[in-house]
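Presented below is the structure to which this report refers.
Whatever order the structure lists them in is the order used to number ligands and atoms, beginning at 1.
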Amino acid sequence: MAEEKVLVTGGAGYIGSHTVLELLEAGYVPVVVDNLHNAIRGAGGVPESLRRVEEVTGRTVEFEEADILDGAALRALFEKHHFTAVIHFAGLKAVGESVRRPLDYYRVNLTGTIQLLETMRAHGVRKLVFSSSATVYGAPRYLPLDEGHPVGGCTNPYGKSKFFIEEMVRDLCRAEEGWQAVLLRYFNPTGAHPSGRLGEDPQGIPNNLMPYVSQVAVGRREILSVFGNDYATEDGTGVRDYIHVVDLAKGHIAALGKLKENCGCKVYNLGTGTGYSVLQMVGAMEKASGKTIPYRVVARRDGDVAACYADPKLAEEELGWKAAFGLDKMCEDLWRWQKNNPHGFSATA
Ligand code: NAD
Ligand code: UFG
């Protein structure tokens, strides 16, 4: 394969760094742009996540510290490199924070994406893979969620920003020749690279279940709050479709393959198709870690749905992608990362 350079925005983050690793393994040349808003700076100013990717793969990763809102920096990057495609992860992602600071979310997620798309167009790069989310489905009207399920019923600015970007990209592909895009709707990414060197490193109190559970297992937090046990699910706790981050990362390589087919604008769920409850996840992490994970049941969290899981068939049919890893592997890899790196990428708390 001739050398294909791919711009990865937000490539120093959790999903981005795992994807950069898979891009390297697949023979692509990733170039990362990230403003380190949510990534730890390591030696020499390079994000620690990418330093670890280099360590694991034995390859170098080109990194540019810049904000996707900085038009001049983006233009300079596109002038320096000839990209064949862009994988766009950069953005803000905390649901609760988005309710408190809507304009920040719309500025970074929406304006940042517009800035990126305009820069791509100006440099003749019209292939995009975008990180969307199952949140665009809103409250499920039926399960499992297939790509034909109605979208747009989002209740928070974060979810709305994903929905708006999907619409924007779809309109652009319709309006202008030559654009191709794959919108990937992620379900619930968890786990870590099996090397134990790369994983999720949330700053502050984790918003999501699995980072919280693993921090309780490692002794960084005392007790898990389970948000409600009166949902109409098997044990009353919320059910989600957890997917190993390495499977998710590989989905992006499959999406790049699709873009080579002049596919127009496509949308795919990336999930396993199986839902697990909060208590099942706690049990699986107890098994993987050999630790007891204390929890208490508290009130439901605003905006949460009872159950959310994917029909992942379309990605299998059209991308040739299917999640390979199950619950035990997700928890084993998550635990290896958490145990070896109790403070994430920082040496101390
Ligand atoms: P993350 O926060 O670890 O990664 C995002 C990266 O983008 C960070 O490294 C951050 O520093 C960078 N960034 C933020 N604003 C930027 C800006 N203005 N300019 C340049 N870089 C910027 O998050 P993640 O979990 O890896 O998520 C990646 C993408 O996937 C996001 O778009 C997120 O919304 C989406 N997503 C995540 C989940 C999930 O549960 N993790 C689920 C669905 C969708
Ligand atoms: N939960 C707890 N305690 C916690 C955290 C979560 O009980 O401390 C429960 C939630 O109530 C839910 C389940 O664990 O039932 C999963 O919650 P997460 O916050 O891990 O994940 P969500 O499904 O709520 O959110 C994820 C992504 C969002 C995305 C959303 C919708 O993190 O970015 O899916 O697809 F918007």
Side-chain angles (χ1 to χ4, degrees), residues 8-19 32-41 47 49-50 64-70 73-74 87-96 98 104-105 107-109 111-113 115-116 130-138 140 145 154-156 158-159 161-162 165 184-190 200-203 205-213 215-216 221 223-229 231 233 237-243 245 248-249 270-271 275-279 281-282 295 297-310:
V8 186
T9 75
Y14 173 46
I15 305 167
S17 58
H18 285 82
T19 302
V32 172
V33 61
D34 198 299
N35 67 354
L36 303 193
H37 171 84
N38 198 23
I40 300 292
R41 193 187 303 274
S49 56
L50 296 181
E64 185 76 25
E65 183 173 342
D67 195 306
I68 55 164
L69 289 163
D70 180 348
L74 272 191
I87 306 182
H88 180 33
F89 294 105
L92 302 180
K93 65 161 187 177
V95 172
S98 81
D104 289 341
Y105 274 68
R107 190 178 64 252
V108 174
N109 294 3
T111 312
T113 302
Q115 177 75 58
L116 175 70
F130 174 63
S131 299
S132 189
S133 166
T135 197
V136 299
Y137 293 120
L145 289 158
C154 316
T155 54
N156 58 77
Y158 166 74
S161 77
K162 292 291 177 193
I165 294 169
L184 296 176
R185 293 179 182 154
Y186 311 156
F187 281 70
N188 291 56
T190 187
E200 186 171 13
D201 183 17
Q203 304 303 299
I205 300 169
N207 296 306
N208 298 115
L209 177 67
M210 292 312 281
Y212 203 106
V213 166
Q215 291 191 7
V216 173
R221 305 201 180 269
I223 186 165
L224 170 74
S225 295
V226 174
F227 300 144
N229 66 351
Y231 286 106
T233 61
T237 64
V239 166
R240 297 291 184 275
D241 185 339
Y242 296 90
I243 173 168
V245 66
L248 193 70
L270 294 185
Y276 292 105
S277 74
V278 173
L279 295 183
M281 296 309 286
V282 169
Y295 68 84
V297 176
V298 300
R300 291 181 177 194
R301 183 172 65 180
D302 263 3
D304 273 356
V305 299
C308 174
Y309 49 91

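Using a 4.0 Å cut-off between heavy atoms, Lys162 contacts ligand 1 through its side chain alone, with no backbone atom that close. Of the heavy atoms in Ala66, only backbone atoms (N, CA, C, O) come closer than 4.0 Å to ligand 1. At a heavy-atom cutoff of 4.0 Å, ligand 2 is contacted by the side chain of Asp304 but not by its backbone. Proximity of Ala134 to ligand 1, defined as any heavy-atom pair under 4.0 Å, is not found for any part of the residue. If you look at Leu36 next to ligand 1, the close heavy atoms, those under 4.0 Å, all belong to the backbone. Residue contacts with ligand 2, taken as heavy atom pairs separated by less than 4.0 Å, do not involve Tyr295 at all. With a heavy-atom cut-off of 4.0 Å, Val278 touches ligand 2 through its side chain alone. Of all the heavy atoms of Ser225, the ones lying under 4.0 Å from any atom of ligand 2 belong exclusively to the backbone. Counting heavy atoms under 4.0 Å from ligand 2, residue Asn188 touches it through the side chain alone.
Using a non-hydrogen distance threshold of 4.0 Å, Tyr158 registers as a contact of ligand 2. Using a 4.0 Å heavy-atom cutoff, Ser133 is listed among the residues neighbouring ligand 2. Heavy atoms of Tyr276 come nearer than 4.0 angstrom to ligand 2 in no pair at all.
No donor-acceptor pair closer than 3.5 Å links the side chain of Asn35 to the backbone N or O of Ile68.
Looking at every heavy atom in both residues, Asn207 comes nearest to Ala94 through ND2-CB, 3.6 Å. Of all heavy-atom pairs between Asn109 and Ser161, the closest is ND2-OG, 3.0 Å.
Between Tyr158 and Tyr105, the ring-plane angle classifies as perpendicular under the 30° and 60° cut-offs.
Residue, atom and distance of the protein heavy atom nearest to atom 40 (O) of ligand 1 are Pro189 CD, 3.3 Å. With hydrogens left out, the protein atom closest to atom 29 (C) of ligand 1 is Phe89 O, 3.4 Å, a heavy atom. Atom 19 (N) of ligand 1 has its closest protein heavy atom at Ile68 N, 3.0 Å. Here the heavy atom of the protein found nearest to atom 24 (O) of ligand 2 is Arg301 NH2, 2.9 Å. Counting protein heavy atoms only, atom 7 (O) of ligand 1 is closest to Gly10 CA, 3.4 Å. Here the heavy atom of the protein found nearest to atom 37 (C) of ligand 1 is Ile15 CD1, 3.7 Å. At the shortest separation from atom 1 (P) of ligand 1 among protein heavy atoms lies Asn38 ND2, 3.8 Å. Scanning all protein heavy atoms for the shortest distance to atom 18 (N) of ligand 1 gives Asp67 OD1, 2.9 Å. Distance from atom 22 (C) of ligand 1 to its nearest protein heavy atom, with residue and atom name: Asn35 OD1, 3.0 Å.
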*May I have the step-by-step check of side-chain contact (heavy atoms from CB on, under 4.5 Å) for Met281 and Val213, ending in yes or no?*
CA-CA 9 Å; Met281 296 309 286; Val213 166; 5.9 Å; no
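Remark: among candidates Leu209, Ile205, Val282, Val297, the nearest residue to atom 20 (O) of ligand 2 is Leu209, based on non-hydrogen atoms.
Among the atoms of Tyr14, some N or O lies under 3.5 angstrom from an N or O of ligand 1. Below 3.5 Å of separation, one finds an N or O of Lys93 facing an N or O of ligand 1. Residue Ala90 has no nitrogen or oxygen atom sitting less than 3.5 Å from a nitrogen or oxygen atom of ligand 1, judged on distance alone. Between Asp34 and ligand 1, at least one N/O pair is under 3.5 Å apart. Between Leu92 and ligand 1, no pair of N/O atoms sits closer than 3.5 Å.
The ligand atoms of ligand 1 that sit less than 4.0 angstrom from a heavy atom of Ser132 are 43 (C), 44 (C). Atoms of ligand 2 lying under 4.0 Å from at least one heavy atom of Tyr242, given by number and element, are 13 (C), 16 (C). Taking every non-hydrogen atom of Tyr158 and a distance limit under 4.0 Å, the qualifying atoms of ligand 1 come out as 33 (C), 34 (O), 35 (C), 36 (N), 43 (C), 44 (C). Residue Ala12 approaches ligand 1 through these ligand atoms, each under 4.0 Å from one of its heavy atoms: 9 (O). Near Asn207, the atoms of ligand 2 lying under 4.0 angstrom from a non-hydrogen atom of the residue are 5 (C), 19 (O). In summary, the atoms of ligand 1 found under 4.0 Å from a heavy atom of His37, numbered by their order in the structure, are 11 (O). Which parts of ligand 1 touch Ser131 is read off a 4.0 Å heavy-atom cut-off, strictly below it: atoms 29 (C), 30 (O), 32 (O), 35 (C). Each of the following atoms of ligand 2 lies closer than 4.0 Å to a heavy atom of Arg240: 12 (C), 15 (O), 16 (C), 22 (P), 23 (O).
Counting heavy atoms of neighbouring residues, nucleotides and ligands inside a 6.0 Å radius, atom CG of Asp302 does not exceed 12 of them.
In this structure, the separation between CZ on Arg107 and CD on Gln115 is 13.0 Å, given to the nearest 0.5 Å.
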